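In this text, all values refer to a predicted model and were calculated from it rather than measured experimentally. In listed order, ligands and their atoms are each counted from 1.
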Amino acid sequence: MSGPIVIFDSGIGGLSIFDEIRKVLPTQECCYLFDNARLPYGELEESVLIQGCVELICEQALRIGAELVVVACNSASTLVLPALRAQLSIPVVGVVPAIKPAAKLSQARHIGLLATPGTIKRSYTRELIEQFAGGCKVDLFGSSELVMLAEAKLAGEKLDFKLLEAQLKPIKESSLDTLVLGCTHFPILAPEMQQILGDGVTLLDSGAAIAQRVAYLLNELPQVRGDERAGNNRQKTLTAIYTTEEISAGLTTRLAEKGFTTIVSRSSANLG
Ligand code: DGL
């Protein structure tokens, strides 16, 4: 077994990646760090986003002696990975929109990317499309409203279905057959999105692929293999750290249901 990993997002979106990681690494010690004070990231100035993410992630990774970092956020990954990798000597796994599998899958040769306004305007995303979706028509849809809807749903609030329908209207009117969920918040709304868009549209996200990559990298680490041979049984904890002073009772409950035993604000003392 390996040491702790940091899973990072602006909000609760990265929990869709956390869920996939738990499926393949059920006893992995995880620190879920979310910068909810600055949510939504899709609206942030790029230089501000880079600086803030690098500081926050590096500080936490060093504090807990993390073995790996997952940037479970497309808006951040499409921008901050080079700066982060320059600062950290551990593996950094980023999440980027599943353009390549979507282009392979689309029968109509017409795909969509639903992401944050930040992600759809990144040069990283444009290059991804040029490189992997050459033969396809690609429609881009940017929305921060959907980020906030996912936040509300996960915190147990009633979902504003009408608003969701309105946000998806341009997609419903398009003839695309494959839609990339290029924001980690969006799989949380996938059942309702599928209901609105119908079976003719396949929804794709990167969660399972990221989990496979994390498992692969952790098993590659020599000390991990050593620990496994030794049958290391040390207790694995799940910690959630947020950057606001407080979070809602609904979100605290949901995090606890997911197994997080320590749920604290970054400003609290004694984070370890
Ligand atoms: N979950 C994030 C993403 O994958 C960020 C959403 C936001 O804060 O705008 O892009």
Inset, instruction - Could you tell me whether N74 approaches ligand 1 through its side chain, its backbone, both or neither, with non-hydrogen atoms closer than 4.0 Å? - result: both
Inset, instruction - Run the numbers for me: atoms of ligand 1, each under 4.0 Å from some heavy atom of S10, listed by number. - result: 5 (C), 6 (C), 7 (C), 8 (O)
Inset, instruction - Output the list of atoms in ligand 1 that are nearer than 4.0 Å to some heavy atom of L39, sorted by atom number. - result: 8 (O)
Legend entry - Candidate list V95, V92, I17, test side chain to side chain contact (heavy atoms under 4.5 Å, CB included), partner V71, passing option: V92
Legend entry - Atom indices of ligand 1, in the order listed, that fall short of 4.0 Å to a heavy atom of P40: 7 (C), 8 (O), 9 (O)
Legend entry - T116 and ligand 1 - part of the residue with a heavy-atom distance under 4.0 Å: side chain
Inset, instruction - State plainly whether the residues K153 and E157 are in salt-bridge range, i.e. N to O under 4.0 Å. - result: no
Inset, instruction - Provide the number and element of each atom of ligand 1 under 4.0 Å from a heavy atom of D9. - result: 1 (N), 2 (C), 5 (C)
Legend entry - Part of C183 within contact of ligand 1 (heavy atoms, under 4.0 Å): both
Legend entry - Polar proximity ligand 1 side, Y41 side, N/O cut 3.5 Å exclusive: yes
Inset, instruction - Looking only at non-hydrogen atoms, find the nearest pair between I120 and A115 and report the distance. - result: CG2-CB, 3.9 Å
Legend entry - Rounded distance (nearest 0.5 Å) linking atom OG of S248 with atom CD of E151: 9.0 Å
Inset, instruction - Quick one: look up the protein heavy atom nearest atom 9 (O) of ligand 1 and list residue, atom name and how far away it is. - result: G42 N, 2.9 Å
Legend entry - Any N or O of S144 closer than 3.5 Å to N or O of ligand 1: no
Legend entry - side-chain hydrogen bond (donor to acceptor under 3.5 Å, both in side chains) partner of Y41, the single match among T116, D35, T119: D35
Inset, instruction - Note the single closest protein heavy atom to atom 10 (O) of ligand 1, along with its residue, its atom name and the distance in Å. - result: S75 OG, 2.6 Å
Inset, instruction - State, without any angle test, whether S265 and E245 hold a side-chain donor-acceptor pair at a distance under 3.5 Å. - result: no
Legend entry - Check ion pair R63-E59 (N to O, under 4.0 angstrom): yes
Legend entry - Carboxylate-amine/guanidinium proximity below 4.0 Å for K258 and D19: yes
